[in-house]
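Throughout, a chain's letter reflects where its sequence line sits, starting with A, and its residues are numbered from 1. Values below: all heavy atoms of this structure, side chains included; hydrogens, waters and symmetry mates excluded.
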Number of protein chains: 2
Amino acid sequence: MTTVISKATLQRLPVYLNCLKSAADTGEYVSATTLANRLGLGEVQVRKDLASICDAGKPKVGYLKKELIAVLENYLGADMNDAVLVGVGHLGTALLAYKGFEEYGFKIVAGFDVNPALIGTKVAGKQVFSVGEMDHIIRRLGIRIGIITLPKEYAQETADKLIGAGIRAIWNFSPAYITVPENIVVKNENMASSLAVLSKQLKEVTEAEK
Amino acid sequence: MTTVISKATLQRLPVYLNCLKSAADTGEYVSATTLANRLGLGEVQVRKDLASICDAGKPKVGYLKKELIAVLENYLGADMNDAVLVGVGHLGTALLAYKGFEEYGFKIVAGFDVNPALIGTKVAGKQVFSVGEMDHIIRRLGIRIGIITLPKEYAQETADKLIGAGIRAIWNFSPAYITVPENIVVKNENMASSLAVLSKQLKEVTEAEK
DNA sequence: TCGTATTCGATAAAATTTTATCGATAATTT
DNA sequence: AAATTATCGATAAAATTTTATCGAATACGA
């Protein structure tokens, strides 16, 4: 089954995979109903999402868990990409150490920083290089994804350097809005947006109780 | 203007605020067109979003920047909330130190950890307490939001403790899916989902070039 | 073996979100 | 002063996403 996969669905696929992998249940099969309950989603939605990447559901029992995991891994891993990270501060270190990525076919291969105390060391098993080496290392390895975990003052200039070195997609954790050429993909990670939603939901729930 | 504000709009409001605050432009007014271009959004969308919380746009020039910022701050800050964070590792530290939150009326007031080396110290100016003190501190301060930045093994038990202490909303950065009573709000922050979207976009752009 | 319960997949309906269009208005230019 | 231009706000259309419904298929228990 190879339908067009919507953005909303795409965001949920890693969630399904994670849920399947981390669930301690022993059954050979797993149903959309089960997944839906576990994740707090609609069962039809789950079924529809899964239908977009596989077609192995069996009535009454659901999906063969092993196969479903394989299909999800294959789909998500198909976009296997290596990335570099700039800014080995706390957030940068947290990301370098984050184990979840590799499960989804994603790997941060190196970090860059200006701090001499960090350069040459390994953080979470990943080598940290000087920012001055960024260009040639990215070129040599053919990396296409760059992660920015720097204070916002440095975000734009770093983005420019990354793009100059051949980076095609930037995952920006700084609150700066960076300007890039048309053909470069940027995803801004805005903590405050997430929080606004949480806060709003809390308010709604609280008010509903009155 | 007090329309119903959609979830999608709500997520963009902090983005507008951030953009307004960080932009180095000097003008007294700012137009939806300008914001849209800067953020890569549709101008009608921006206008519609803004219309849901204010009604001060002037033709030809746009919105009074100062007023727009005030309105946004007021709206977002209206849900002012204090939070505690459990798990003062790298990610936890990064969040404790993140300055962006306070701009949106949000404040992490304390951290909790089990590491004796951390307990009693301050991280980014925030006191770190023992997890054993969690219950009474949360109760005493009447905190309603808890942030979990722990390995997934501890996520569920921590969530239970937080809820027991009176927490009503949980922002979960661990990849575990936690089960909570109906009236508790949970927001799972899934890095892999963000990444999947970025990766997919990159793929699309790359393919479009062929 | 047969009936029942559960789940799937597909289709259709509803809801939400984004995008387009257009008249009105205020600043700017001629 | 009049024409032009940029922008707003509102309404309507289009697109997307979610939710509901229903027949078909399969396992399980009587």
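Under the side chain to side chain donor-acceptor pair (under 3.5 Å) criterion, A/N74 pairs with no residue, sequence neighbours left out. Applying the side chain to side chain donor-acceptor pair (under 3.5 Å) test to B/Y177 and every residue at least two apart in sequence or in another chain returns B/N190. Here A/E73 pairs with A/K21 under the salt bridge (charged side-chain N to carboxylate O under 4.0 Å, His left out) rule; sequence neighbours left out. For B/D160, the side chain to side chain donor-acceptor pair (under 3.5 Å) partners at least two apart in sequence or on another chain are B/Q156. A/Y63 is linked by a ring-ring contact (aromatic ring centres under 6.0 Å, His included) to nothing, counting only residues two or more places apart in sequence or in another chain.
Straight-line distance from the CG atom of A/D55 to the P atom of C/dG9: 8 Å, rounded to whole Å. The interatomic distance linking A/L35 (CG) with C/dT7 (C1') rounds to 13 Å, in whole Å. For the pair A/L68 CG and C/dG9 P, the computed distance is 10 Å after rounding to whole Å.
Within residues 186-194 of chain B, no residue approaches DNA chain D, by heavy-atom distance under 4.0 Å.
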Counting primed atoms plus P, OP1 and OP2 as sugar-phosphate and everything else as base, spell out the protein contacts along nucleotides 14-30 of chain D at 4.0 Å heavy-atom distance: B, S or - for each nucleotide, 5' to 3'. ---SB-B----BBB---
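Every pair passing salt bridge (Lys or Arg N to Asp or Glu O under 4.0 Å) that includes a residue from residues 133-154 of chain B is listed here, sequence neighbours excluded: B/D135-B/R139. Counting only residues at least two apart or on different chains, the salt bridge (Lys or Arg N to Asp or Glu O under 4.0 Å) pairs with a member in residues 36-45 of chain B are B/D25-B/R38, B/E43-B/R47.
Considering only side-chain N and O atoms, A/Y63 lies under 4.0 angstrom from the phosphate OP1 or OP2 of C/dG9.
Between A/R12 and A/D49, at least one side-chain nitrogen of the basic residue sits less than 4.0 Å from a carboxylate oxygen of the acidic one, meeting the salt-bridge criterion.
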